[in-house]
Amino acid sequence: MTDQPAPLLLHSLSTFRELILCCLEIVQARRIVEIGSETGALTIELSDWAAERQAVVVSVDPEPAHSVVKRAAETPALELVAGVSPEALEGIQPADVYIIDGDHNHYSVSRELRHVFADPERFPLAILHDV
């Protein structure tokens, strides 16, 4: 038997949920856009957080996981946009926080960031993963 800790898996932002939720509290987020939901682990935690605070999470993913689709049907705190970012962002209202974890390439991420910061009067928080 070994006392070594389990390996830290960094492929999912849910690994950083405590830090992310703390950031949401600090900025008093009321609208969060999550780009890329993968298995939905973080999406579900975000929707729980949002439901407790009368906030909304908008999850953008071309093929949302079944767990995310099911959760969206159960709570108004989670909205789904089944589409490819950055194009899908065009129809979404501005948010306080953007969690960017979609396509991990310069073209997509730079266009997503241009959209996030397009309005010089707004200063949303952007959290990026795997860029």
Distance, nearest 0.5 Å, that separates CD of Glu34 from CG of Asp61: 8.0 Å

For residues 63-72, run the donor-acceptor check on the side chains, cut-off 3.5 Å, and write out each pair with its distance to 0.1 Å, sequence neighbours left out.
unit_1: Ser67; atom_1: OG; unit_2: Thr39; atom_2: O; d: 3.1
unit_1: Arg71; atom_1: NH1; unit_2: Ser47; atom_2: OG; d: 3.3
unit_1: Arg71; atom_1: NH1; unit_2: Asp48; atom_2: OD1; d: 2.5

If you measure from NE2 on His115 to CG on Leu89, what distance do you get to the nearest 0.5 Å? 4.5 Å

Could you grab the distance from atom SG of Cys22 to atom CG of Leu19, nearest 0.5 Å is fine? 7.0 Å

Applying side-chain hydrogen bond (donor to acceptor under 3.5 Å, both in side chains) to Glu79 and not counting sequence neighbours gives none

What pairs with Glu25 under side-chain hydrogen bond (donor to acceptor under 3.5 Å, both in side chains), at least two apart in sequence or on another chain? Trp49, Arg53

For Asp101, is there any backbone N or O sitting under 3.5 Å from a side-chain donor or acceptor partner on His129? no

Separation of Leu128 CG from Ile35 CD1 (nearest 0.5 Å): 8.5 Å

Pairing residues for Arg114 by the side chain to side chain contact (heavy atoms under 4.5 Å, CB included) criterion, not counting sequence neighbours: Ser110, Arg111

Could you tell me which non-hydrogen atom of Phe117 sits nearest to which non-hydrogen atom of Pro124, and how far apart they are? CE2-O, 3.5 Å

Val81: which residues meet the side chain to side chain contact (heavy atoms under 4.5 Å, CB included) condition with it, sequence neighbours left out? Val58, Val60, Ala88, Ile92

The side chain to side chain contact (heavy atoms under 4.5 Å, CB included) partners of Phe123 (sequence neighbours excluded) come to none

Quick one: CD1 on Ile32 to CG on Asp96, what's the gap to the nearest 0.5 Å? 7.5 Å

For Arg17, salt bridge (Lys or Arg N to Asp or Glu O under 4.0 Å) partners two or more places apart: Glu45

Where is the tightest heavy-atom contact between Ser108 and Pro86, given as atom of each residue plus distance? O-CG, 4.3 Å

Val97 reachable from Phe16 in the ILVMFWY side-chain graph, under 4.5 Å edges: yes

Indicate, with yes or no, if Val57 and Leu125 share a hydrophobic cluster defined by side-chain heavy-atom contacts under 4.5 Å among Ile, Leu, Val, Met, Phe, Trp and Tyr. yes

Mind checking the CG-CD1 spacing from Leu24 to Ile99? Nearest 0.5 Å is all I need. 5.5 Å

Those residues at least two apart in sequence (or on a different chain) that pass side-chain hydrogen bond (donor to acceptor under 3.5 Å, both in side chains) with Asp119 are none

Can any side-chain N or O of His104 pair as donor or acceptor with the backbone N or O of Gly102 at less than 3.5 Å? yes

Which residues share a side chain to side chain contact (heavy atoms under 4.5 Å, CB included) with Pro94, sequence neighbours left out: Tyr98, Arg122

Please evaluate residues Ile127 and Ile20 with respect to the criterion side-chain contact (heavy atoms from CB on, under 4.5 Å), reporting the C-alpha separation (whole Å), side-chain torsions for both, the decisive distance (0.1 Å), and the verdict. CA-CA 8 Å; Ile127 299 170; Ile20 292 169; 4.2 Å; yes

